[in-house]
Amino acid sequence: MTLRLHNTLTRRKQVFEPLDAENVRMYVCGPTVYDLAHIGNARPVVVFDVLFRLLRQVYGADHVTYARNITDVEDKIIARAKETGEAIESVTSRTTQAYHDDMAALGALQPSVEPRATDHIAQMIAMIECLIERGHAYVADGHVLFSVLSMPDYGRLSGHSRDELIAGARVDVAPYKKDPADFVLWKPSTAEQPGWDSPWGRGRPGWHIECSAMSEEHLGEHFDIHGGGQDLIFPHHENELAQSLCAHEGRPFVNVWMHNGYVVVEGEKMSKSLGNFFTVRQLLEEGWPGEAIRLALLSGHYRQPLDITRDKIKESKVQLDRFYGALRATADIAPSDAAPPEGVVAALSDDLNTPEALAEMHRIGTALNKAGNAIEQGRLKGALLAAGRLMGLLGQDPEDWFKGGSGGEAEEIERLIAARIAARKAKNFAEADRIRDELAARGIVLEDGPQGTTWRLA
RNA sequence: GGCCCGGUGGCAGAGUGGUUAUGCAGGGGCCUGCAAAGCCCCGUACGUCGGUUCGAUUCCGGCCCGGGCCUCCA
């Protein structure tokens, strides 16, 4: 199966060929830990989780290294701590924990490594020194700046030339910059700001250098895939690319740059600055299953904008009901130990076409519902579950999916069902329907089947 | 202003130079005491105007509309 991925650098789908099939390496930009992750932050996590799963399927689980960083030094963190009076370490550790919990609720696997910026200050300093030495950076007014003019190719990833950037500039240029396009590698810290000793005094890193330093540390100078949200193309990834390329004297850095589209709300980009966001946690607290949120995030192609609404999450939940319904109906059938279905692998191999993969899963689901014998059922059930594993879906016990959250009422529900079965046996359908209506009013739907009566939460 | 994306049936959302996904919602049927679930059938969509072509939703160009980037952002 040929894997094809869209490369932001060439703006085309390209056949993916790993540098080393024994160790395929991917880096994805993780969160700045100052606040709960909103659904827009969750999108790349889920999208690249599917890619991680696919790569593990293709190259073997032990032959993929996935690094996703935690940015735990950044001005927004400092601002948040100052605002609330909470210690910085407390803000970052609390937020990191929340991030882990929320992403786990969305069914995302842990990355192979999760480097923290504050653990890599020495590597950043070393890289900055190297950039200064090679004439790509300069010290000015306690800052170290990257010299954009020192890199003729600057702007290739985002498609912006330095001249355009300056022409369209929306912000005032700091006086210590030699050129308006230059960006900060290192900046001085005041006594109350977090800081580390460096050749340029006590200070802290600029935003972009951490990813250059950490990807090199954990994946090497040259690796396969670098991912993130579209909004990172500029300036973050453009600058990261510039730093790494210049520090490595032009040797290759990343083979494939991948960027997921925005989550939008009523057509507009979701962002913290616009305030039109909702957090993953909010949705979970509203009672939406994490798996339904995950499916909603995978319901559109990753490069397209995605409008996340409660309606869409609801529809995703209904789709999961359909899958789990098929699995529940074959609960007593052992699934075959199947490889993921070819159609699903093919869809995902075509630049992560998750909607097509989902369509294929629905075809399998329908076939499973129709299957006439245990062998066929076992085969299709195995195929569906294998597809689910690749997508990070259908990992729950169907009974838990349908009955989870019903708390301690299960016993009483079973008692009422037994009473209804007795009434039906006695052909007392009025009483049977009364019991069913009573349960329906509590959000419990009954299903009478050949093997008896089952129930689920509506 | 410069540079990028998009506009598909009621909704969501893939895809394709000719056979027109998938899910939801809707209509009809089978099954059921009645339902639910499941299964079957149905609805022929691709912004607009031109061009290329035997044939275009799919390729090319103009236009209209929406969104994004141009140093806060996943």
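In what follows, chains are A, B, ... by sequence order, proteins preceding strands, each numbered from 1. Computed from a predicted model, the values in this text were never measured in an experiment.
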Annotated protein contacts, base or backbone, on nucleotides 8-16 of chain B with a non-hydrogen cut-off under 4.0 Å, one of B, S, - each: ----SSSS-
Touch class at under 4.0 angstrom, heavy-atom based, for A/Met361 against every strand present: nothing
Lys/Arg-Asp/Glu bridge criterion (N-O < 4.0 Å) met for A/Asp49, A/Arg68: no
Sugar-phosphate only, base, or nothing, as touched by A/Ala181 at under 4.0 Å among non-hydrogen atoms: base
Side-chain heavy-atom pair A/Ser147, A/Asp179 within 4.5 angstrom cut-off: no
Spacing of A/His362 atom NE2 relative to B/G23 atom P, expressed in whole Å: 6 Å
Flag side-chain contact, heavy atom, 4.5 Å: A/Phe323 against A/His362: yes
Phosphate-side-chain proximity, A/Lys269 and B/A74, N/O vs OP1/OP2 below 4.0 Å: no
Residue mapping more 5' on RNA chain B - nearest nucleotide basis, A/Ala430 or A/Val318: A/Val318
Sequence neighbours excluded - salt bridge (charged side-chain N to carboxylate O under 4.0 Å, His left out) pairs with any residue from residues 33-46 of chain A: A/Asp35-A/Arg80
B/C46 versus B/C59 - spacing of their C1' atoms, nearest Å: 15 Å
Span that lies between the P atom of B/C39 and that of B/G23, in whole angstrom: 9 Å
A/Leu320 CG to B/C24 C1', straight-line distance once rounded to whole Å: 13 Å
Heavy-atom side-chain contact between A/Leu384 and A/Leu380 under 4.5 Å: no
Distance between C1' atoms of B/U57 and B/G18 (Å, rounded): 12 Å
Distance, rounded to the nearest Å, where A/Glu74 contributes CD and B/C72 contributes P: 11 Å
Same-atom distance (P) from B/G26 to B/C64, integer angstrom: 40 Å
C1'-based separation of B/A14 from B/G29 [nearest Å]: 29 Å
base_contact_polar (B/C69 base, A/Ser158 side chain, donor-acceptor, <3.5 Å): no
The single option from A/Tyr138, A/Tyr176, A/Phe183 passing ring pair (Phe, Tyr, Trp, His ring centres under 6.0 Å) against A/His143: A/Tyr176
Under-3.5 Å donor-acceptor pair between A/Lys314 side chain and B/C24 base: no
Nearest-nucleotide 5' precedence on RNA chain B, A/Ala42 against A/Asp179: A/Asp179
Distance in Å, A/Leu295 CG paired with A/Lys317 NZ, rounded so as to fall on 0.5 Å steps: 12.0 Å
B/C72 and B/G61, which share atom name C1', separated by this distance in whole Å: 39 Å
Validation row: A/Tyr27, A/His218 side chains within 4.5 angstrom (heavy atoms): no
Criterion side-chain contact (heavy atoms from CB on, under 4.5 Å) on A/Met270 and A/Tyr262, from CA distance to verdict: CA-CA 7 Å; A/Met270 174 182 286; A/Tyr262 295 121; over 6 Å; no
Distance, rounded to the nearest Å, where A/Glu240 contributes CD and B/U71 contributes P: 19 Å
Separation between the C1' atoms of B/U44 and B/U20, rounded to whole Å: 8 Å
Euclidean distance for C1', B/C31 against B/G38 (whole angstrom): 9 Å
Sugar-phosphate only, base, or nothing, as touched by A/Val264 at under 4.0 Å among non-hydrogen atoms: nothing
Sugar-phosphate only, base, or nothing, as touched by A/Phe429 at under 4.0 Å among non-hydrogen atoms: base
Spacing of A/Tyr34 atom OH relative to B/C73 atom P, expressed in whole Å: 9 Å
Nearest-angstrom distance from the residue atom CD of A/Glu238 to P of B/C73: 14 Å
Electrostatic pair A/Arg436:A/Asp433 at N-O distance under 4.0 angstrom: yes
Distance in angstrom units between A/Ile70 CD1 and B/A74 C1', rounded: 13 Å
Side chains of A/Arg156 and A/Leu245 in contact at under 4.5 Å (non-hydrogen atoms): no
By salt bridge (Lys or Arg N to Asp or Glu O under 4.0 Å) - contacts of A/Lys312 (at least two apart): none
Identified side chain to side chain donor-acceptor pair (under 3.5 Å) partner of A/His259 from the options A/His237, A/Gln230, A/His6: A/His237
Heavy-atom protein contacts under 4.0 Å, nucleotides 34-41 of chain B, coded B base, S sugar-phosphate only, - none: BBBSSSS-
Nearest listed nucleotide, side chain of A/Arg11, among B/C4, B/U71, B/A74: B/C4
Sugar-phosphate only, base, or nothing, as touched by A/His160 at under 4.0 Å among non-hydrogen atoms: base
Euclidean distance, atom NZ of residue A/Lys272 to atom C1' of B/C72 [Å, nearest integer]: 11 Å
Listed partners of A/Asp351 passing salt bridge (Lys or Arg N to Asp or Glu O under 4.0 Å), at least two apart: A/Arg303
Ranges pairing with ranges for RNA chain B, where each run has three or more Watson-Crick or G-U pairs under 3.5 Å: B:1-7 with B:64-70, B:10-12 with B:22-24, B:26-30 with B:38-42, B:47-51 with B:59-63
Given B/U71, B/C72, B/G68, the nucleotide with the shortest approach to the side chain of A/Ser273: B/C72
